[in-house]
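Each residue takes its place number in the sequence, starting with 1.
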Amino acid sequence: MLSSIIADFRIIFERDPAARNWLEVLFCYPGLQAIVLHRFAHRFYNFGVPFFPRLVSHIARFLTGIEIHPGAKIGTGVFIDHGMGVVIGETAEVGDYSLIYQGVTLGGTGKESGKRHPTVGTNVVVGAGAKVLGNLNIGNNVRIGAGSVVLRDVPSDCTVVGIPGRIVYQSGVRVNPLEHGNLPDSEGKVIRLLLDRIDALEQQVQQLQEDRLKERELVASKVSQSALENAYNASQICYLKDKEIEEFLGGTM
C-alpha cells in the first residue's frame with residue numbers, strides 16, 4: 001500500500017504543471033487525500049471490518065468532495081485532478097495511471113447486485129463531467145471527452161465523445177493524456193457533411209429548374225419576358241448557408 005501511495009504522490013508532479021512542491025501537493029490536493037484515505041478504507045473493507053470503512057469514506061467525502069466507495073479498486077498512480085463531485089461506485093475498478101477530472105461518475109444504472117460499476121483500464125483519461133454507467137469495460141489508453149455519457153463497452157486506444165458516447169478510433173496516433181480538450185468533434189463533422197450534401201443537391205435542383213425554364217423558352221417563345229422572370233424568381237431555392245446555421249457552427253462554413 002505504501003508503494004501505491006508514493007506512486008500516487010509522484011504522478012501529480014508529472015501530470016499537473018501547477019504542482020510546485022511536495023508540501024503543497026500533500027496538503028492542498030484533494031484528489032491525493034481522497035485516494036490515500038480510500039486505500040486505508042479499502043484495506044479494512046477487504047478484512048471485513050463493518051462500519052469503519054464507510055465512515056472513513058464519508059469523512060473523505062466531507063473533506064475533499066470526492067466519494068469513493070471503500071469497495072472500489074483503485075490502481076497505482078491514479079490522479080484525480082481537482083476532483084469535486086467525483087463519484088466512484090462499490091464495484092468500480094480503475095486501472096493504473098488513469099486520470100480523472102472533476103464531476104466524473106463511475107456509477108451503476110439500477111439496483112442490481114453483483115458487478116454493476118465500470119472497469120476502467122490503464123492510462124485512461126476521463127474528462128470533466130463525464131459519466132460512465134453500468135458494468136462496462138473501458139479499454140486501455142482510452143480518452144473519454146468532457147460531458148460524455150458512456151453506456152457501452154469501449155475498446156482500447158480510442159476516444160469517446162458525445163451523449164450517448166460515440167467511439168472515434170485513433171489508430172496509430174500517440175496522444176498526450178493531458179490534451180483531453182483536444183478531442184474530435186464527430187457530431188460537428190457529420191453535420192457539416194450533411195450540409196455539404198444538401199447544398200450539392202440544392203445546386204442540382206436549381207440546375208434542373210434552369211434547364212426546364214430554357215426548354216419552356218424554346219417551346220413557348222411567345223411568353224412575355226416578365227412572365228419568364230416571375231417564373232425564374234419563383235424557382236429560386238433558399239440555401240442553407242444562412243445566418244442561423246453559420247452561428248450554430250461557429251461561423252466555420
Side-chain angles (χ1 to χ4, degrees), residues 4 7-20 24-39 57 60-69 72-89 92-108 117-134 136-151 154 156-168 170 174-187:
S4 296
D8 298 334
F9 181 80
R10 288 178 174 174
I11 198 67
I12 294 176
F13 290 97
E14 297 179 14
R15 293 192 168 181
D16 189 359
R20 293 180 173 83
E24 182 179 283
V25 170
L26 191 61
F27 288 97
C28 302
Y29 274 69
L32 175 63
Q33 297 165 357
I35 288 179
V36 170
L37 289 173
H38 167 74
R39 296 200 186 283
S57 174
R61 178 180 180 272
F62 176 78
L63 295 175
T64 66
I66 300 170
E67 182 175 348
I68 308 177
H69 193 282
K73 298 178 181 179
I74 306 296
T76 300
V78 174
F79 179 28
I80 302 178
D81 196 4
H82 297 288
M84 180 62 70
V86 169
V87 177
I88 301 178
E93 300 179 24
V94 181
D96 298 341
Y97 302 105
S98 292
L99 178 58
I100 299 174
Y101 286 88
Q102 68 273 13
V104 167
T105 299
L106 304 180
H117 298 101
T119 298
V120 178
T122 60
N123 295 307
V124 173
V125 179
V126 187
K131 314 298 178 185
V132 185
L133 306 177
L136 309 179
N137 288 312
I138 309 299
N140 301 327
N141 305 309
V142 169
R143 289 191 304 165
I144 299 175
S148 301
V149 178
V150 182
L151 302 174
V154 180
S156 298
D157 303 306
C158 64
T159 298
V160 178
V161 294
I163 303 175
R166 297 177 178 84
I167 298 175
V168 181
Q170 300 286 325
R174 184 175 179 82
V175 179
N176 186 341
L178 295 180
E179 295 181 353
H180 61 282
N182 185 21
L183 298 175
D185 185 3
S186 58
E187 293 181 356

Among [options], the one residue meeting side-chain contact (heavy atoms from CB on, under 4.5 Å) with [X]:
X: T105; options: V86, V126, L133, V132; result: L133
X: V125; options: I144, L99, T159, V142; result: L99
X: I138; options: V150, V160, T119; result: V150

Which value, rounded to the nearest 0.5 Å, describes the distance between [X] atom [atom1] and [Y] atom [atom2]?
X: T64; Y: L32; atom1: OG1; atom2: CG; result: 10.5 Å
X: T76; Y: R10; atom1: OG1; atom2: CZ; result: 12.5 Å
X: Y29; Y: I80; atom1: OH; atom2: CD1; result: 14.0 Å
X: I74; Y: I35; atom1: CD1; atom2: CD1; result: 6.5 Å
X: Y101; Y: F79; atom1: OH; atom2: CZ; result: 7.5 Å
X: D16; Y: H82; atom1: CG; atom2: NE2; result: 6.5 Å

Where [X] and [Y] come nearest, the two heavy atoms and their spacing:
X: G107; Y: P118; value: O-CD, 3.6 Å
X: I88; Y: A72; value: CG2-CB, 3.9 Å
X: F13; Y: R20; value: CE2-C, 4.3 Å
X: H38; Y: H69; value: CE1-O, 3.1 Å
X: S156; Y: G139; value: OG-CA, 3.5 Å
X: V25; Y: I12; value: CG1-CD1, 3.6 Å

Whether the side chain of [X] engages the backbone of [Y] through a donor-acceptor N/O pair (distance < 3.5 Å, no angle test) should be reported.
X: E67; Y: S57; result: no
X: R15; Y: Y97; result: yes
X: K131; Y: G103; result: yes
X: D8; Y: G77; result: yes

Contact between V154 and V124 at the side-chain level, heavy atoms closer than 4.5 Å - yes or no?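 With C-beta onward as the side chain, the pair stays apart.
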For a quick check under 3.5 Å, do N140 and T122 share a side-chain donor-acceptor pair by atom type?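 There is such a pair between these side chains.
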